[in-house]
Amino acid sequence: MEIMVPHPWPSTPPEAEAIQNELRGRVEPAGSVTPRTVAGLDVSYAGDGGGDRARVAAAAVVLDAETLEVVAESVAVGTSDFPYVPGLFAFRELPTLVEALRGLDATPDLLVCDGYGLAHPRRFGLACHVGVITGLPTIGVAKTAFVGTYEQPGPKRGDRSPLLLDGVEVGRVLRTQDGVKPVFVSVGHRVGLDEACRLTLALAPRFRLPETTRRADRLSRDRLATV
DNA sequence: GCGACAG
DNA sequence: ATCTTGTCGC
(Lines give C-alpha, C1' and ligand atoms only; values in the text may rest on other atoms or scores of the structure.)
Protein backbone atom coordinates (compact mmCIF):
# COMPACT_ATOMS: atom_id res chain seq x y z
CA MET A 1 0.00 0.00 0.00
CA GLU A 2 0.99 3.63 -0.53
CA ILE A 3 2.02 5.69 2.49
CA MET A 4 3.11 9.33 2.53
CA VAL A 5 4.72 10.29 5.84
CA PRO A 6 3.93 13.99 6.48
CA HIS A 7 7.11 14.74 8.43
CA PRO A 8 10.81 13.83 8.62
CA TRP A 9 11.94 11.19 11.11
CA PRO A 10 13.17 13.11 14.17
CA SER A 11 16.46 12.23 15.87
CA THR A 12 15.92 13.88 19.24
CA PRO A 13 13.09 13.72 21.82
CA PRO A 14 12.23 17.43 21.55
CA GLU A 15 11.75 17.17 17.79
CA ALA A 16 9.64 14.05 18.27
CA GLU A 17 7.38 15.71 20.84
CA ALA A 18 6.82 18.64 18.51
CA ILE A 19 5.66 16.24 15.79
CA GLN A 20 3.26 14.52 18.18
CA ASN A 21 1.77 17.83 19.23
CA GLU A 22 1.35 18.78 15.58
CA LEU A 23 -0.19 15.48 14.44
CA ARG A 24 -2.39 14.97 17.47
CA GLY A 25 -5.06 17.22 16.00
CA ARG A 26 -5.39 14.96 12.97
CA VAL A 27 -6.79 11.98 14.85
CA GLU A 28 -10.32 11.33 13.60
CA PRO A 29 -13.28 10.08 15.67
CA ALA A 30 -15.14 6.79 15.30
CA GLY A 31 -16.65 5.85 11.98
CA SER A 32 -18.39 2.66 10.92
CA VAL A 33 -15.92 -0.20 11.11
CA THR A 34 -16.76 -3.68 9.87
CA PRO A 35 -13.37 -4.85 8.58
CA ARG A 36 -13.13 -7.65 6.07
CA THR A 37 -9.36 -7.77 6.57
CA VAL A 38 -7.26 -6.83 9.61
CA ALA A 39 -3.50 -6.35 9.76
CA GLY A 40 -1.35 -6.94 12.82
CA LEU A 41 1.89 -4.97 13.27
CA ASP A 42 4.91 -5.83 15.38
CA VAL A 43 8.64 -5.27 15.60
CA SER A 44 11.40 -7.58 16.88
CA TYR A 45 14.90 -6.58 17.98
CA ALA A 46 18.22 -8.38 17.70
CA GLY A 47 20.42 -8.61 20.77
CA ASP A 48 19.88 -5.90 23.36
CA GLY A 49 16.79 -4.22 21.98
CA GLY A 50 17.04 -1.60 24.68
CA GLY A 51 20.16 -0.06 23.11
CA ASP A 52 20.36 2.43 20.25
CA ARG A 53 20.81 1.44 16.61
CA ALA A 54 19.55 -2.08 17.14
CA ARG A 55 18.84 -4.35 14.21
CA VAL A 56 15.08 -4.69 13.82
CA ALA A 57 12.52 -6.53 11.73
CA ALA A 58 8.99 -5.14 11.33
CA ALA A 59 6.09 -7.28 10.16
CA ALA A 60 2.58 -6.62 8.88
CA VAL A 61 0.31 -9.65 8.60
CA VAL A 62 -3.15 -9.36 7.09
CA LEU A 63 -5.86 -11.77 8.22
CA ASP A 64 -9.38 -12.40 7.01
CA ALA A 65 -11.41 -10.89 9.86
CA GLU A 66 -13.91 -13.73 9.70
CA THR A 67 -11.75 -16.85 9.40
CA LEU A 68 -8.51 -15.36 10.82
CA GLU A 69 -6.62 -16.96 7.95
CA VAL A 70 -3.55 -15.17 6.60
CA VAL A 71 -4.27 -13.40 3.31
CA ALA A 72 -1.09 -11.30 2.97
CA GLU A 73 2.12 -10.50 4.81
CA SER A 74 5.19 -8.31 4.55
CA VAL A 75 8.43 -7.92 6.51
CA ALA A 76 11.07 -5.21 6.48
CA VAL A 77 14.46 -5.15 8.17
CA GLY A 78 16.33 -2.05 9.29
CA THR A 79 17.72 -0.28 12.35
CA SER A 80 16.01 1.76 15.03
CA ASP A 81 18.00 4.97 15.31
CA PHE A 82 15.74 6.61 17.84
CA PRO A 83 16.26 5.67 21.52
CA TYR A 84 13.54 3.96 23.50
CA VAL A 85 11.77 6.68 25.47
CA PRO A 86 8.38 5.88 27.02
CA GLY A 87 5.96 8.24 25.29
CA LEU A 88 8.07 8.48 22.14
CA PHE A 89 7.94 4.81 21.35
CA ALA A 90 6.47 5.37 17.89
CA PHE A 91 9.63 7.02 16.57
CA ARG A 92 11.61 3.92 17.36
CA GLU A 93 9.44 1.51 15.40
CA LEU A 94 7.62 3.60 12.79
CA PRO A 95 10.33 3.89 10.11
CA THR A 96 10.64 0.12 9.68
CA LEU A 97 6.94 -0.47 10.29
CA VAL A 98 6.07 1.90 7.43
CA GLU A 99 8.37 -0.05 5.13
CA ALA A 100 6.62 -3.27 6.06
CA LEU A 101 3.19 -1.72 5.37
CA ARG A 102 4.37 -0.43 2.00
CA GLY A 103 5.24 -4.00 1.08
CA LEU A 104 1.64 -5.20 1.41
CA ASP A 105 -0.16 -6.03 -1.84
CA ALA A 106 -3.54 -4.91 -0.58
CA THR A 107 -4.74 -2.26 1.87
CA PRO A 108 -6.20 -3.71 5.10
CA ASP A 109 -9.46 -2.35 6.55
CA LEU A 110 -8.04 -2.08 10.07
CA LEU A 111 -4.62 -2.04 11.72
CA VAL A 112 -3.92 -3.52 15.16
CA CYS A 113 -0.84 -2.02 16.83
CA ASP A 114 1.29 -3.45 19.60
CA GLY A 115 1.08 -0.57 22.11
CA TYR A 116 -1.19 2.36 22.95
CA GLY A 117 -3.29 4.89 21.06
CA LEU A 118 -5.04 7.72 22.92
CA ALA A 119 -3.99 6.31 26.29
CA HIS A 120 -0.75 8.26 26.11
CA PRO A 121 0.85 11.23 27.95
CA ARG A 122 0.10 13.55 24.99
CA ARG A 123 -2.86 11.48 23.75
CA PHE A 124 -0.89 10.35 20.71
CA GLY A 125 0.57 6.89 21.03
CA LEU A 126 1.86 4.57 18.29
CA ALA A 127 -1.63 3.49 17.19
CA CYS A 128 -2.71 7.12 16.64
CA HIS A 129 0.46 7.89 14.73
CA VAL A 130 0.06 4.86 12.46
CA GLY A 131 -3.58 5.79 11.89
CA VAL A 132 -2.86 9.40 10.94
CA ILE A 133 -0.03 8.39 8.61
CA THR A 134 -2.01 5.68 6.81
CA GLY A 135 -5.46 7.19 7.09
CA LEU A 136 -6.73 3.75 8.14
CA PRO A 137 -8.77 2.83 11.24
CA THR A 138 -6.36 1.69 13.99
CA ILE A 139 -6.50 0.38 17.53
CA GLY A 140 -3.78 -0.30 20.08
CA VAL A 141 -3.58 -3.47 22.16
CA ALA A 142 -0.82 -3.34 24.79
CA LYS A 143 0.40 -6.10 27.06
CA THR A 144 1.38 -4.00 30.10
CA ALA A 145 0.22 -0.84 31.87
CA PHE A 146 1.57 2.54 30.83
CA VAL A 147 -0.53 5.56 31.76
CA GLY A 148 -3.83 5.86 33.62
CA THR A 149 -5.43 4.12 36.57
CA TYR A 150 -7.82 1.19 36.62
CA GLU A 151 -9.51 -1.46 38.70
CA GLN A 152 -8.79 -5.10 38.00
CA PRO A 153 -11.50 -6.44 35.65
CA GLY A 154 -13.50 -9.61 36.40
CA PRO A 155 -11.92 -13.06 35.83
CA LYS A 156 -13.81 -14.05 32.70
CA ARG A 157 -13.20 -13.45 29.00
CA GLY A 158 -14.96 -10.23 28.05
CA ASP A 159 -14.72 -8.68 31.51
CA ARG A 160 -13.41 -5.13 31.36
CA SER A 161 -12.78 -1.98 33.35
CA PRO A 162 -12.12 1.60 32.27
CA LEU A 163 -8.59 2.94 31.97
CA LEU A 164 -8.80 6.48 33.34
CA LEU A 165 -6.51 9.45 32.76
CA ASP A 166 -7.49 12.75 34.36
CA GLY A 167 -10.97 11.35 34.93
CA VAL A 168 -11.40 10.52 31.25
CA GLU A 169 -11.73 6.98 29.88
CA VAL A 170 -8.80 6.78 27.45
CA GLY A 171 -8.83 3.03 27.12
CA ARG A 172 -10.05 -0.23 28.62
CA VAL A 173 -8.46 -3.11 30.50
CA LEU A 174 -9.89 -6.18 28.78
CA ARG A 175 -9.74 -9.86 29.73
CA THR A 176 -9.50 -11.83 26.49
CA GLN A 177 -9.42 -15.30 28.07
CA ASP A 178 -10.70 -16.71 31.36
CA GLY A 179 -8.14 -16.33 34.12
CA VAL A 180 -5.35 -14.74 32.06
CA LYS A 181 -3.78 -11.31 32.45
CA PRO A 182 -5.88 -8.65 30.74
CA VAL A 183 -4.69 -6.54 27.79
CA PHE A 184 -4.91 -2.74 27.48
CA VAL A 185 -7.07 -1.59 24.60
CA SER A 186 -7.13 1.99 23.34
CA VAL A 187 -8.36 3.78 20.26
CA GLY A 188 -5.95 4.89 17.57
CA HIS A 189 -7.83 6.46 14.64
CA ARG A 190 -11.39 6.35 13.30
CA VAL A 191 -12.57 3.60 15.70
CA GLY A 192 -14.60 3.82 18.91
CA LEU A 193 -13.56 2.19 22.18
CA ASP A 194 -16.53 -0.19 22.28
CA GLU A 195 -15.73 -1.28 18.76
CA ALA A 196 -12.04 -1.61 19.57
CA CYS A 197 -12.84 -3.99 22.43
CA ARG A 198 -15.31 -5.99 20.35
CA LEU A 199 -12.72 -6.37 17.59
CA THR A 200 -9.99 -7.34 20.05
CA LEU A 201 -12.16 -10.12 21.49
CA ALA A 202 -13.06 -11.35 18.02
CA LEU A 203 -9.37 -11.48 17.09
CA ALA A 204 -8.45 -13.39 20.25
CA PRO A 205 -10.74 -16.47 20.28
CA ARG A 206 -8.16 -18.77 21.84
CA PHE A 207 -5.17 -16.88 23.20
CA ARG A 208 -4.53 -13.78 25.27
CA LEU A 209 -3.24 -11.67 22.38
CA PRO A 210 -5.04 -10.99 19.09
CA GLU A 211 -4.17 -13.45 16.33
CA THR A 212 -2.99 -10.49 14.28
CA THR A 213 -0.37 -9.55 16.86
CA ARG A 214 0.73 -13.15 17.34
CA ARG A 215 1.26 -13.65 13.61
CA ALA A 216 3.19 -10.39 13.21
CA ASP A 217 5.32 -11.21 16.24
CA ARG A 218 6.25 -14.60 14.87
CA LEU A 219 6.97 -13.31 11.37
CA SER A 220 9.22 -10.46 12.54
CA ARG A 221 11.04 -12.75 14.93
CA ASP A 222 11.63 -15.44 12.31
CA ARG A 223 12.95 -12.82 9.91
CA LEU A 224 15.59 -11.67 12.39
CA ALA A 225 16.74 -15.22 12.95
CA THR A 226 17.10 -15.77 9.21
CA VAL A 227 19.13 -12.64 8.42
C1' DG B 1 12.58 16.57 43.95
C1' DC B 2 11.96 11.30 43.07
C1' DG B 3 10.24 7.44 40.86
C1' DA B 4 7.61 5.19 37.06
C1' DC B 5 7.47 4.38 32.39
C1' DA B 6 4.04 1.03 25.73
C1' DG B 7 8.25 -2.12 23.21
C1' DA C 1 12.24 -5.57 23.38
C1' DT C 2 15.91 -9.41 24.66
C1' DC C 3 18.59 -12.66 27.80
C1' DT C 4 17.18 -17.71 29.93
C1' DT C 5 15.86 -23.34 33.11
C1' DG C 6 12.81 -25.75 34.50
C1' DT C 7 8.00 -26.66 34.98
C1' DC C 8 2.91 -26.99 34.76
C1' DG C 9 -0.95 -28.09 31.64
C1' DC C 10 -3.66 -29.32 27.48
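A, B, ... follow the sequence lines: proteins, then strands. Residue 1 opens every chain.
For DNA chain C, there is no stem of at least three Watson-Crick or G-U pairs with distances under 3.5 Å. Remark: DNA chain B forms no stem of 3 or more consecutive Watson-Crick or G-U wobble pairs with all pair distances under 3.5 Å.
Taking atom CZ on A/F207 and atom C1' on C/dC10, their separation rounds to 11 Å, with Å as the unit. Atom pair A/F82:CZ and B/dA6:P shows a separation of 15 Å (rounding to whole Å applied). Across the protein-nucleic acid pair, A/R221 atom CZ and C/dA1 atom C1' stand 9 Å apart, rounded to whole Å. As rounded to whole Å, 18 Å separates atom P of B/dC5 from atom CZ of A/R92. Atom CG in A/L209 sits roughly 9 Å away from atom P in C/dA1 (whole-Å rounding). A straight line from CG of A/L224 to P of C/dC3 spans 10 Å, rounded to a whole angstrom. A/F184 has its CZ atom 10 Å from the P atom of B/dA6, to the nearest Å. Rounded to an integer number of Å, the gap from CG of A/L94 to C1' of B/dA6 is 14 Å.
Scanning both residues, A/E99 and A/A76, for their nearest heavy atoms gives CB-CB, 3.7 Å.
Taking side-chain N and O atoms only, A/K143 has no distance below 4.0 Å to OP1 or OP2 of B/dA6. Taking side-chain N and O atoms only, A/S44 has a distance below 4.0 Å to OP1 or OP2 of C/dT2.
Look at A/F146 and the base of B/dA6; the rings stack, centres closer than 5.5 Å and planes less than 30° apart.
At most 12 heavy atoms of other shown residues, nucleotides or ligands fall within 6.0 angstrom of atom CD in A/E151. No more than 12 heavy atoms of other residues, nucleotides or ligands sit less than 6.0 Å from atom CZ of A/R36.
Partner of A/F91 under the ring pair (Phe, Tyr, Trp, His ring centres under 6.0 Å) criterion, out of A/W9, A/F82, A/Y84: A/F82 alone.
Here the straight-line distance linking atom OG1 of A/T138 with atom CG of A/L110 works out to 7.5 Å at 0.5 Å rounding. Distance check, rounded to the nearest 0.5 Å: OG1 of A/T212 to CG of A/L63 gives 6.0 Å.
A/A119 comes within contact range of no nucleotide atom at all, as no heavy-atom separation falls under 4.0 Å. Nucleic acid contact for A/G140: none, since no nucleic acid atom lies under 4.0 Å from a heavy atom of the residue. Note on A/Y84: a base of the nucleic acid sits closer than 4.0 angstrom, heavy atoms only. If you check every strand for non-hydrogen atoms under 4.0 Å, A/L88 touches a base.
When each of A/R206 and A/E93 is assigned the nucleotide of DNA chain C with its nearest heavy atom, A/E93 is the one assigned upstream, toward the 5' end.
With respect to A/R215 and A/D42, no salt bridge is recorded, no charged nitrogen being found less than 4.0 Å from a carboxylate O.
The main-chain N or O of A/D81 is never found under 3.5 Å from a side-chain atom of A/R92 such that the two would form a donor-acceptor pair. When atom types are taken as modelled, the side chain of A/R175 and the backbone of A/P153 share a donor-acceptor pair closer than 3.5 angstrom. Between the side chain of A/E17 and the backbone N or O of A/G87, no donor-acceptor pair lies under 3.5 Å.
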